[in-house]
Every structure is written in C-alpha cells, then in structure tokens.
Amino acid sequence: MIRVGLTGGIGAGKSTVAKTFIERGAYHVDADRIAREVVEPGTPGLAALVEAFGPEILAADGSLDRPALAARAFVDEESVKTLNGITHPLIGARTQELNDAAPADAVILHDVPLLVEGHMAPFYDAVIVVHTDADLRLDRLVNLRGMDADDARARIDAQATDEQRRAVADIWLDNSGTPDELAAQALQVWTERLIPLRDNHLAGAPAPLPTDAVDADETWAAVGARVVNRLWAILGATATKIDHVGPTADPSAASAVPVIDVEVTVADQAAAARAAELLSASGFPRLPGAAEGLHATVDPGRPARVRITVAD
Ligand SMILES: CC(C)(COP(=O)(O)OP(=O)(O)OC[C@H]1O[C@@H](n2cnc3c(N)ncnc32)[C@H](O)[C@@H]1O)[C@@H](O)C(=O)NCCC(=O)NCCS
Ligand SMILES: Nc1ncnc2c1ncn2[C@@H]1O[C@H](COP(=O)(O)OP(=O)(O)OP(=O)(O)O)[C@@H](O)[C@H]1O
C-alpha cells in the first residue's frame, strides 16, 4: 500500500480531487468525516469539548451544535489550540485504525485539511496540495456554499499559508479554472504518478532514474529537503545524519542529471542493515545491480537515490 496525503486550504477543491481518485479505487480516509465521528453524542470527545467550551455548544438533542462551537473556537489562537488539542489525538487514533484495515495494494488517500499544520507531510509517500487563491476560495465558500464570510475568513487565518503548503507539495494542483479542469489534472496524477508509484512499491522495484543532464533547476534544494524529511520519518534514530549531496545539491552547478542524491549515515553495520530494511519497506528498495547500500525511490515523479554509509 502507499499513503497519499491530500490537502489544501478550506474551499480549495479537495473534494473534486478526492472524488476523481475514489472513482478510480482509492481507499479514502477522510479527516473531516472522522472529526465528526469522534464527537458524536456519548463520546469522550464531545464531553471534553463541553468541558472546554461550555454547554452552549450542545444542540437541544444533545448533539454538537457545530456553528456554535465554530463561533467559540475560531476566535483566537488559544481557542483553536484547545479545539485541536481535544479533537486531533482522537482523529489520529481513528485514522490509524482505518489505515491498518486497508488492503495491501491500496492507494490510501488521506484527505486532511490540516496536514501542513500538523507537520504530517514526511509521513506520506506523496503529498498533493490543491491550491486556490484565498480571495477566490472566500468567494466560492460564501456564494456557492453559503458559508458565513467571517467564519470562512477566521478559518483561513487559522490555517497554514500558501508558502507553507508549497514547501511540502510533491504535487501542486491549481484550481483557479473549472472543476472539470481540476478533475482532468487529478486523473493525470492518478494514472501517471500514483498508480506507477503503487505498482513499483508492490513490486519492490525503483522507478527508472533519468540519465541525461538538464539545466539546473532552482527547486532542487526544496525537493532535496522534502526527500531528507521523508527519510528521517522512515529511519528515525536508525540514522545519525541525512544529507542532500551531489550535483543537485550544488547551487553553483549549471546543469546536472535531475536525481536527488541523499547520503544516510548510520553508526555501524547493524544499523546499516536495519536502514536497508526500513528503506526497502517504505518506498526506497535496493537498486538492482548496484552495490549493497544503494537504494532508490519507487516514485517516478521525484527521482531520488539513497546511499547508506557507516560512519568511521
Ligand atoms: C469546529 C467544527 C465543529 C465546525 O464544524 P463545521 O461543520 O462548520 O466544519 P467542518 O468540520 O465540516 O470543517 C470544514 C473545514 O473547516 C476547516 N477547519 C475545521 N477545523 C479546523 C481547525 N481546527 N483549524 C483550522 N481549520 C479548520 C477545514 O478546512 C475543514 O475542512 C469542526 O470543524 C471541528 O470539530 N473542528 C476540529 C477538528 C478538525 O481539526 N477538523 C479538521 C480536520 S483534521
Ligand atoms: N473550480 C471551481 N470552480 C467553481 N467552483 C468551485 C471550483 N472548485 C470548487 N468549487 C466550489 O467551491 C466550494 C469549495 O470546494 P470544495 O468543497 O471542493 O473544497 P474543499 O477543499 O473540499 O473544501 P473543505 O476545505 O471545506 O473540505 C464548493 O462549493 C465547490 O462547489
């Protein structure tokens, strides 16, 4: 299975992308839906919210009055923190249960508005960001969805910025056109990126690496940083150092073969063997025909090679 994170600011158009993927068979784990489940009547989640925000957040039938809670929670940073502190651990635990139930060949689509805010990007095989300018989102939320303008603005202010989302995006989908145009972009991502990624992962085979040099690309440093963060999430304390190295890490290079080379340093041979296992299980299998300790990604859209080195 592979795990794909789908995110974007409120009203960006995640639903259109999710629908396209679900129609093709994605295993959908929807954070907004889970967020509702964990505060249903009788749950410890609802009791904790009442304790924090008062009984005024309950409707006459004892269920959560969602607009009443939104009006109390999206007022300042402290209140949003309180809301998140109660709901997010419960959402996380339920998400884990659903992930564990996914079939081995699943493309798990984790539809999560607050992926960036929760620093979750390194835990996915790929992160997709749906982008729409905040003004256009506000306009759509108010005029098409009938949302209160102040509420929409307050939520936008409580969320990550476009730059923060861009920093973690492996795939950036622009939704300033029509929903059909967005769905077409999503379909292309599904067939050309996610399915090959999943199939390579199942086969334990790296995606082919490019061999021809191209002009230097100013995004290489940012891509390198994302690969390094992903490797830290996979390897944790098994690694002592992880660095983007080689020509794509050299800011003065005029051209290079567009492969992100990463060196993973480990303390000893036992850690090297453990690192190789973890990499192989997490989308960085061994490069066939190469020396031991050389791995490469299964992702055809982010060519990357990893060398495990034992510190001397
Ligand atoms: C405050 C609540 C009751 C308002 O409910 P409402 O039905 O109006 O909104 P809904 O849950 O459908 O969310 C709609 C959108 O609001 C935004 N939003 C929701 N919660 C938050 C939050 N804590 N911080 C920032 N944005 C948020 C997201 O973009 C989300 O997609 C609800 O949003 C909630 O319980 N939020 C806390 C849980 C959470 O963080 N959910 C987001 C997914 S992890
Ligand atoms: N390209 C588009 N053109 C016009 N309207 C759009 C477009 N994309 C989405 N919308 C409308 O904008 C609103 C928000 O879109 P949508 O519900 O897909 O966003 P979302 O990211 O899933 O929202 P949320 O963050 O609340 O989960 C909806 O009313 C939707 O119909």
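Just so you know, ligand 1 is whichever comes first in the structure, and atom 1 is the first atom listed for that ligand. All values derive from a computational prediction rather than experimental measurement. Below, all heavy atoms of this structure are taken into account, side chains as well, without hydrogens, waters or symmetry copies.
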Chemist: Please answer: with hydrophobic residues joined when any side-chain heavy atoms are less than 4.5 Å apart, are Val130 and Val107 in the same cluster?
Modeler: yes
Chemist: Ignoring hydrogens and geometry beyond distance, is a side-chain donor-acceptor pair present between Thr178 and Asp180 at under 3.5 Å?
Modeler: no
Chemist: Identify, with sequence neighbours excluded, every residue that meets salt bridge (Lys or Arg N to Asp or Glu O under 4.0 Å) alongside Arg72.
Modeler: none
Chemist: Among Asn99, Thr95, Ile2, whose side chain to side chain contact (heavy atoms under 4.5 Å, CB included) with Ile108 holds?
Modeler: Asn99
Chemist: Residues two or more places apart in sequence or in another chain: which of them pass side chain to side chain contact (heavy atoms under 4.5 Å, CB included) with Ala275?
Modeler: Leu235, Thr238, Val266, Ile308
Chemist: Given a heavy-atom cut-off of 4.0 Å, could you list the residues near ligand 2 in chain and number order?
Modeler: Gly9, Ile10, Gly11, Ala12, Gly13, Lys14, Ser15, Asp32, Arg140, Leu144, Arg145, Asn175, Gly177, Thr178, Pro179
Chemist: Report the C-alpha separation of Arg94 and Glu97 in whole Å, then their side-chain angles, then the decisive distance to 0.1 Å, and conclude whether the salt bridge (Lys or Arg N to Asp or Glu O under 4.0 Å) test is met.
Modeler: CA-CA 5 Å; Arg94 179 69 184 134; Glu97 283 175 11; 2.7 Å; yes
Chemist: If the plane angle is over 60° it's perpendicular, under 30° parallel, otherwise tilted; pick one for Trp172 and His131.
Modeler: parallel
Chemist: Kindly say whether Glu40 contributes a backbone atom to a donor-acceptor pair with the side chain of Thr43 at under 3.5 angstrom?
Modeler: yes
Chemist: Would you mind writing out a table of all protein N or O atoms found under 3.5 Å from any N or O atom of ligand 1, naming both atoms and giving the distance to 0.1 Å?
Modeler:
{"residue": "ligand 1", "atom": "5 (O)", "partner": "Arg66", "partner atom": "NE", "Å": "3.3"}
{"residue": "ligand 1", "atom": "5 (O)", "partner": "Arg66", "partner atom": "NH2", "Å": "3.3"}
{"residue": "ligand 1", "atom": "7 (O)", "partner": "Arg36", "partner atom": "NH2", "Å": "3.0"}
{"residue": "ligand 1", "atom": "7 (O)", "partner": "Arg66", "partner atom": "NE", "Å": "2.8"}
{"residue": "ligand 1", "atom": "8 (O)", "partner": "Arg155", "partner atom": "NH1", "Å": "3.4"}
{"residue": "ligand 1", "atom": "8 (O)", "partner": "Arg155", "partner atom": "NH2", "Å": "2.8"}
{"residue": "ligand 1", "atom": "9 (O)", "partner": "Arg155", "partner atom": "NH1", "Å": "3.0"}
{"residue": "ligand 1", "atom": "11 (O)", "partner": "Arg66", "partner atom": "NH2", "Å": "2.9"}
{"residue": "ligand 1", "atom": "12 (O)", "partner": "Arg36", "partner atom": "NH2", "Å": "2.9"}
{"residue": "ligand 1", "atom": "16 (O)", "partner": "Arg155", "partner atom": "NH1", "Å": "3.0"}
{"residue": "ligand 1", "atom": "23 (N)", "partner": "Asn84", "partner atom": "OD1", "Å": "2.7"}
{"residue": "ligand 1", "atom": "26 (N)", "partner": "Gln159", "partner atom": "NE2", "Å": "2.9"}
{"residue": "ligand 1", "atom": "29 (O)", "partner": "Gln159", "partner atom": "NE2", "Å": "2.9"}
{"residue": "ligand 1", "atom": "31 (O)", "partner": "Asp32", "partner atom": "OD1", "Å": "3.4"}
{"residue": "ligand 1", "atom": "31 (O)", "partner": "Asp32", "partner atom": "OD2", "Å": "2.8"}
{"residue": "ligand 1", "atom": "40 (O)", "partner": "His88", "partner atom": "NE2", "Å": "2.7"}

Chemist: Apply salt bridge (Lys or Arg N to Asp or Glu O under 4.0 Å) to Lys241 and Asp243, showing your working.
Modeler: CA-CA 7 Å; Lys241 209 154 85 72; Asp243 298 304; 2.7 Å; yes
